[in-house]
Student: 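One structure follows; several queries about it will come next.
Each chain gets a letter, A, B and so on, in the order the sequences are listed, and its residues count up from 1.
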Amino acid sequence: MYALVDCNNFYAACERLFRPDLKHRPIVVLSNNDGCVVARSYEAKALGIKMGVPIFKVREDIRRHNILVFSSNYTLYGDISARVMCTLEAMAPRVEVYSIDEAFLDVHGVSHCRDLVAFGGEVRQRVYQDTGITVCVGIAPSKTLAKLANYAAKKYPATKGVVDLSDPLRRRRLMHITPVDEVWGVGRRLAVRLRDMGINTALQLADYNKKALRRHFSVVLERTARELNGEDCLDFEQVAEPKQQIMCSRSFGERIHRIEPMREAVAKYVANAAAKLRAEHQRAQAISLFMRTSMFSDREPRYSNAATVKLMRPSDDTRVLMKHAQALVGKLWRDGFAYAKAGVLLGDFYPRYVWQPSLLDLLEVDPRADKLMATMDAINAKQRGAVFWARQNNGTQWRMKQEFLSPAYTTDWQQLPRVR
DNA sequence: TCTGGGGTCCTAGGACCC
DNA sequence: TCTGGGGTCCTAGGACCC
């Protein structure tokens with residue numbers, strides 16, 4: 001039995017935590033580079049602001065309804081998320097942190113001695129008391145059903161934010177009135193194909209012939225259908241699996257026409273990715289770079305290209321990765337385009353202390369590398385961005401837009417909220 | 001004028017092996 | 001001219017998630 005705990009309007013709720021004056025006001029939070037709307041308060045949803053819409057398309061609504069706009073403040077959201085998870089871990093024996101704003105709890109044991117709805121209510125109350133964040137709780141025998149339960153807990157106010165789908169009949173009633181595209185694992189494309197086959201509701205998917213689903217689609221959708229029938233098919237991952245790749249990419253604040261700012265941006269992305277790599281205690285043997293013009297402009301000539309290099313030996317040394325990335329910039333760069341985005345991808349990982357060198361491997365390792373990187377990481381852990389690569393040049397042209405950024409209330413001494 | 005960033009898993013197809 | 005039946009590994013692309 002699983003409980004899915006999901007924060008309500010998480011980013012918007014975080015922005016409100018230290019701004020009680022924003023209670024009941026419509027709020028939207030933008031993606032990186034202030035591009036699209038990625039989160040909305042209830043009030044903003046009620047005004048018809050859609051998820052994922054580019055900000056320029058709703059500028060008029062924002063002005064007319066006096067909607068408050070925020071840039072993404074991941075420093076804040078990450079810290080609040082950690083506090084929410086901390087409370088959840090105190091309440092359940094096993095917790096899988098699934099994303100920044102949701103977690104699965106293993107409540108197999110709880111169900112023997114407690115009423116699950118009462119337990120869900122207690123989770124809501126404790127999280128609110130500890131963090132000021134409101135959550136909804138969905139309880140069911142499979143993760144996919146727990147997701148569905150959570151959807152119902154959010155959608156139907158009468159549930160008071162907790163839905164228990166232990167009862168198969170109750171499951172069927174809910175699935176009957178739930179469109180198939182609300183099912184976890186059914187995205188836009190699949191939904192279209194399913195509807196073409198006459199599968200419109202979650203219940204129709206659950207009841208469909210499993211062999212046929214596998215034949216027409218894939219084992220993934222078959223699993224989803226089984227999960228809807230209460231079959232527990234997905235792993236519970238209490239400890240996150242090591243990552244298989246690490247990406248750092250950004251759209252630029254402004255288009256880039258010269259190679260030098262591109263080199264600066266790539267330098268920053270490599271430094272970021274390498275720091276993440278070291279935090280995972282991994283080394284990478286492959287590094288890829290991509291760069292491209294905007295996908296949305298019809299007038300400008302388009303260009304998009306990517307390349308990968310394989311290193312002689314896996315590395316987590318920013319200097320080594322940087323050299324390869326900069327060589328790739330030279331390889332991919334073409335004059336005459338308005339570049340909009342670039343990114344660095346690290347892959348082919350080996351655990352830090354497991355590397356079988358070849359007898360013919362004559363490359364010398366820099367004995368100072370580990371210490372140098374560790375020192376940099378330690379300094380940057382205390383003060384973000386305190387030490388950086390000269391190559392980055394703190395460029396302003398490519399730096400992402402963050403016009404509406406709120407303070408890092410909880411993670412920076414300089415930005416603590418003040419009470420007067 | 002202005003359209004995010006970071007991941008995962010699965011499948012198909014090609015190269016290659018015995 | 002006819003030409004099996006397995007297997008692995010890799011990559012690209014498509015789908016999904018938040």
Student: How are the rings of A/Tyr98 and A/Phe104 set relative to one another: parallel (under 30°), tilted (30 to 60°) or perpendicular (over 60°)?
Tutor: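 Perpendicular, since the angle between the ring planes exceeds 60°.
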Student: Between A/Ser406 and A/Asn73, do the side chains contain a donor N or O and an acceptor N or O under 3.5 Å apart?
Tutor: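 Indeed, the side chains of A/Asn73 and A/Ser406 share at least one donor-acceptor pair under 3.5 Å.
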Student: Looking only at the side chain of A/Asn32 (C-beta and beyond, no hydrogens), which of the listed nucleotides B/dG4, B/dG7, C/dC18 gets closest?
Tutor: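 For the A/Asn32 side chain, the nearest candidate turns out to be B/dG4.
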Student: Can you tell me how far P of C/dC16 sits from NZ of A/Lys143, to the nearest Å?
Tutor: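 After rounding, the reported distance stands at 19 Å.
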Student: Does a salt bridge link A/Arg226 with A/Glu222, judged by any charged N lying under 4.0 Å from a carboxylate O?
Tutor: yes
Student: May I ask you to decide whether A/Asp316 forms a salt bridge with A/Arg283, counting only side-chain N to carboxylate O separations under 4.0 Å?
Tutor: yes
Student: From B/dG6, B/dG4, B/dT3, pick the nucleotide closest to the side chain of A/Pro54?
Tutor: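 Side chain of A/Pro54 sits closest to B/dT3.
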Student: As a test of reading the structure: which of C/dC18, B/dG6, B/dG4 is closest to the side chain of A/Lys147, going by heavy atoms?
Tutor: C/dC18
Student: Can you tell which of B/dT3, B/dG7, B/dG6 lies closest to the side chain of A/Lys243?
Tutor: B/dG7
Student: Within the sub-3.5 Å range, which N or O atoms of nucleotides 9-15 of chain C have a protein N or O partner, and how far apart are they?
Tutor:
residue: C/dA15; atom: OP2; partner: A/Arg189; partner atom: NH1; Å: 3.0

Student: Just call it for A/Gln245: base, sugar-phosphate, or nothing, with non-hydrogen atoms closer than 4.0 Å on any strand.
Tutor: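 Base contact.
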Student: Please report the distance separating the P of B/dT3 from the corresponding atom of C/dC18, rounded so that it comes out in whole Å.
Tutor: 25 Å
Student: Round to a whole Å and report the spacing from NZ of A/Lys401 to P of B/dT1.
Tutor: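 From A/Lys401 NZ to B/dT1 P: 13 Å.
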Student: Specify the residue among A/Val219 and A/Asp34 whose closest nucleotide of DNA chain B lies further upstream toward the 5′ end.
Tutor: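 Looking at DNA chain B, the more 5' nearest nucleotide goes with A/Asp34.
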Student: Looking at the side chain of A/Arg59, which of B/dC2, B/dG4, C/dC18 is the nearest nucleotide?
Tutor: B/dC2
Student: 5'-most contact on DNA chain B: A/Val220 or A/Ser251, nearest heavy atom basis?
Tutor: A/Ser251
Student: Is the shortest side-chain N to carboxylate O distance from A/Asp106 to A/Arg94 below 4.0 Å?
Tutor: yes
Student: In whole angstrom, what separates A/Met51's CE from B/dG4's P?
Tutor: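 For the pair A/Met51 CE and B/dG4 P, the rounded distance is 12 Å.
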Student: Base, sugar-phosphate or nothing for A/Leu30? Non-hydrogen atoms, less than 4.0 Å.
Tutor: nothing
Student: Output the rounded distance in Å from OH (A/Tyr11) to C1' (B/dG4).
Tutor: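 After rounding, the gap between these two atoms is 10 Å.
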Student: Among the nucleotides B/dG6, B/dG4, B/dC2, which one has an atom lying closest to any side-chain atom of A/Phe56?
Tutor: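 Shortest atom-to-atom distance from the side chain points to B/dC2.
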Student: Please determine, for B/dC10, whether a Watson-Crick or G-U wobble partner exists with both distances under 3.5 Å, and give it or none.
Tutor: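 Here B/dC10 is engaged in a pair, and the nucleotide opposite it is C/dG13.
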Student: Thinking salt bridges, do A/Asp196 and A/Arg193 make one under a 4.0 Å N-O criterion?
Tutor: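 Judged by the 4.0 Å cut-off on N to carboxylate O distance, A/Asp196 and A/Arg193 do not form a salt bridge.
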Student: Could you tell me whether A/Asp164 and A/Arg170 make a salt bridge, using a distance below 4.0 angstrom between a side-chain N and a carboxylate O?
Tutor: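 No, this pair does not count.
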Student: B/dC2 C1' sits how many Å from A/Asn33 CG, rounded?
Tutor: 10 Å
Student: Considering every strand and a 4.0 Å limit on heavy-atom distances, what is the contact class for A/Arg223: base, sugar-phosphate, or nothing?
Tutor: sugar-phosphate
Student: Quick check on B/dC2: is either OP1 or OP2 less than 4.0 Å from any side-chain nitrogen or oxygen of A/Arg255?
Tutor: yes
Student: Is the closest basic N to carboxylate O distance between A/Glu102 and A/Lys143 below 4.0 Å?
Tutor: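 Salt bridge: no.
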Student: Taking only side-chain N and O atoms of A/Lys341, does any of them lie within less than 4.0 angstrom of OP1 or OP2 on B/dG5?
Tutor: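 Yes, A/Lys341 has a side-chain N/O under 4.0 Å of OP1/OP2 on B/dG5.
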